[in-house]
Amino acid sequence: MDLLLQLLASGAVTGCIYALIAIGFVVVYKATGVINFATGELMMLGSFFAWTAMTAAQVPFVAALLVAIAGAAAVGAVVERVVLRPLLGQRAISVIMVTIGLSSIFKGLAQILWSGEYRSFPPIWPRRPITLGPVLLPARQVYPSLIALAAILLLALLFRFTRTGTAMRATAADQATAFGMGIDIRRMFSLSWVLAAVSAAISGVVIGTIGGISPQLGAVGLRIFPVVILGGLDSIGGALVGGIVMGILENLAGGYLDPLLPGGGVKEVAPFVALVLILMVRPYGLFGTRDVERL
Amino acid sequence: MTAPAPPLLAVNNLEVVYHHSVQVLKGLSLAVPEGRIVALLGSNGAGKTTALKAISGLLPLENGAIEAGAVTYRGQDLAGLLPHQIARRGIFQVREGRHVFEDLTVEENLLCATYARPSTPARWRRNAPGATGRGGKAVELDRVYDYFPRLRERRGGLGGYLSGGEQQMLAIGRALVAGPDLMLLDEPSLGLSPLLVEEIFAIVERINREQGTTILLVEQNAHMALQLASHGYIMENGKVVLDGPVERLRQDRDVQEFYLGRRGGQAKSYREVKHYKRRKRWLS
Ligand SMILES: Nc1ncnc2c1ncn2[C@@H]1O[C@H](COP(=O)(O)OP(=O)(O)O)[C@@H](O)[C@H]1O
Ligand SMILES: [Mg+2]
């Protein structure tokens with residue numbers, strides 16, 4: 001029983017970070033209909049920004065996080081303006097290809113700037129684990145998740161309660177009508193890239209503080225893809241639930257099935273198995289709209 | 001004697017092509033004088049909606065382009081302006097089919113239209129005292145709710161849950177929030193019960209009178225439109241085939257036959273009218 005609770009709690013905690021990564025995909029998809037395969041690399045860049053700020057400039061973690069956010073926002077804005085806006089009106093699949101290209105470019109850039117070496121953040125989180133009743137969770141897992149959760153909450157509030165957020169939702173729903181109502185939809189596209197890059201960067205930084213970083217960190221982005229599909233691609237709430245479900249599934253598989261199999265590895269595969277099963281029942285994800293395109 | 005004031009909106013010899021191949025407007029010309037309601041009539045597929053999209057700048061989003069001619073607003077050519085810029089200059093299109101944001105609440109739908117609030121000092125002054133831009137949100141909403149009390153009741157509900165009539169009210173309500181100088185109103189009566197049509201048209205007339213909003217009204221319901229408007233244009237196959245003051249249009253035999261469903265003073269069934277429409281082409 002305690003093992004189950006432990007696995008559930010730890011899975012949910014990890015899932016919050018998955019959810020934030022997934023939201024990086026969702027924000028751009030909702031606004032522009034593009035699946036941004038450079039999301040993982042935006043995470044990676046963000047984590048390097050923060051790491052550089054902490055190691056080279058010796059700033060405290062919170063300041064480093066802000067540096068990462070600002071840096072990622074700039075990268076998101078520039079990418080949207082220089083690479084994606086000229087492609088406006090092109091078929092979504094061409095733009096998706098471009099994001100795959102972008103991911104390689106970002107990876108190469110990181111190799112040049114920071115080398116391919118594996119780096120770790122200076123110690124940030126307390127060593128003492130956090131006890132919640134029968135459950136014991138390492139602080140370096142809990143605090144990053146709280147940051148991710150806070151970021152998700154802020155994003156959700158922004159979309160729900162601000163004028164700009166409302167305009168972004170209107171643009172996502174019906175571009176032509178929003179445009180005709182005086183909303184500069186190109187600004188909304190740009191903003192969605194900025195927000196996606198920022199959420200990716202925050203998730204990159206918190207993941208980096210847990211397990212260290214390298215230019216390969218972006219691969220996590222793809223591992224999160226089942227969460228994105230599970231959540232339905234177009235809903236923040238869906239991404240949150242999808243992330244937590246996936247985190248728990250992974251942990252349960254790791255906790256109960258891995259020991260039974262020689263070699264293990266069930267933990268890595270379980271999300272994809274779950275994805276296939278769920279999509280067979282609900283082709284548009286748990287929360288997605290019916291007409292969401294599938295690759 | 002003073003020269004007649006130039007119209008608020010002038011469309012001159014407009015030619016519009018979709019997908020580089022299908023020509024839909026073939027030299028459309030019309031003028032909308034300030035303060036008036038002008039009706040643009042014509043059968044399905046004549047190009048009325050296309051004309052409105054050409055004015056509001058939405059054409060390129062559907063792969064349409066103006067190949068020749070010009071749209072002039074307050075003496076300025078609108079060529080090259082994007083839809084949001086045109087909206088901020090005071091032209092607001094209420095699209096055919098309402099296009100309410102279904103996942104947004106009524107109030108959020110209205111809030112979006114504040115983006116079309118006046119962007120130039122001249123327009124600010126013209127729109128005073130309600131012209132308070134962002135800060136005037138409450139004032140704007142109250143104005144909408146005064147015209148459409150039903151929207152006030154449903155302000156927190158999702159746009160998608162409104163009835164067809166309420167959605168049309170919301171679509172017009174968004175225009176009220178924008179406070180345009182020129183409203184392009186595309187088939188507001190589409191799919192509504194006769195009673196609702198009466199209600200909507202009465203409010204359109206009030207908006208024109210009380211807000212001083214100039215209105216270009218596209219309708220299939222020629223009967224209602226010609227009651228409201230002072231001037232009418234009749235389109236067929238991409239251009240204007242007949243225009244004039246509504247009194248004269250109402251007397252015109254062809255208009256009576258094909259648009260008012262009347263011959264020799266007798267109402268004809270819709271089916272019969274459609275039958276005639278298919279056979280006879282205007283001025284050809
Ligand atoms: N986006 C589009 N792409 C191609 N053809 C279009 C498009 N929109 C309208 N058309 C064509 O243009 C013609 C006029 O359409 P429209 O302007 O909607 O007419 P109306 O509003 O008078 O019914 C129709 O033949 C229609 O098929
Ligand atoms: Mg039409």
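Throughout, protein chains are lettered first and strands after them, A, B, ... in sequence-line order, and every chain is numbered starting at 1.
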Under 6.0 Å from the six-membered ring centre of B:Tyr115 and within 45° of its axis: does the NZ or CZ of A:Arg163 meet both? yes
Any chance you could measure [X], atom [atom1], to [Y], atom [atom2], to the nearest 0.5 Å?
X        : Y        : atom1 : atom2 : value
B:Leu9   : B:Leu184 : CG    : CG    : 7.5 Å
A:Tyr18  : A:Ile248 : OH    : CD1   : 11.5 Å
A:Leu191 : A:Glu80  : CG    : CD    : 9.5 Å

salt_bridge(A:Arg169, B:Glu108) N-O dist < 4.0 Å: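 Looking at A:Arg169 and B:Glu108, the cut-off is met.
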Segment of B:Asn109 engaging chain A (4.5 angstrom heavy-atom cut-off): backbone
For A:Tyr29, is there any backbone N or O sitting under 3.5 Å from a side-chain donor or acceptor partner on A:Thr32?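 Such a contact is absent between A:Thr32 side chain and A:Tyr29 backbone.
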Could you work out, with salt bridge (charged side-chain N to carboxylate O under 4.0 Å, His left out) as the rule, every residue matching B:Glu210, not counting sequence neighbours? B:Arg206
Please rank B:Cys112, B:Ala175, B:Pro83 by heavy-atom pairs under 4.5 Å with chain A and give me the top one.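 Looking at each option in turn, the highest pair count goes to B:Pro83.
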Neighbours of chain A found in residues 160-171 of chain B - heavy atoms under 4.5 Å: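 The list, in residue order, is empty: none.
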Proximal component of A:Ala172, with respect to chain B [non-hydrogen, under 4.5 Å]: neither
Report which part of A:Thr164 has an atom under 4.5 Å of a heavy atom belonging to chain B: side chain, backbone, both, or neither.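 Both backbone and side chain of A:Thr164 come within 4.5 Å of chain B.
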In terms of ring plane angle, is the pair A:Phe37 and A:Phe25 parallel, tilted or perpendicular, where the classes change at 30° and 60°? perpendicular
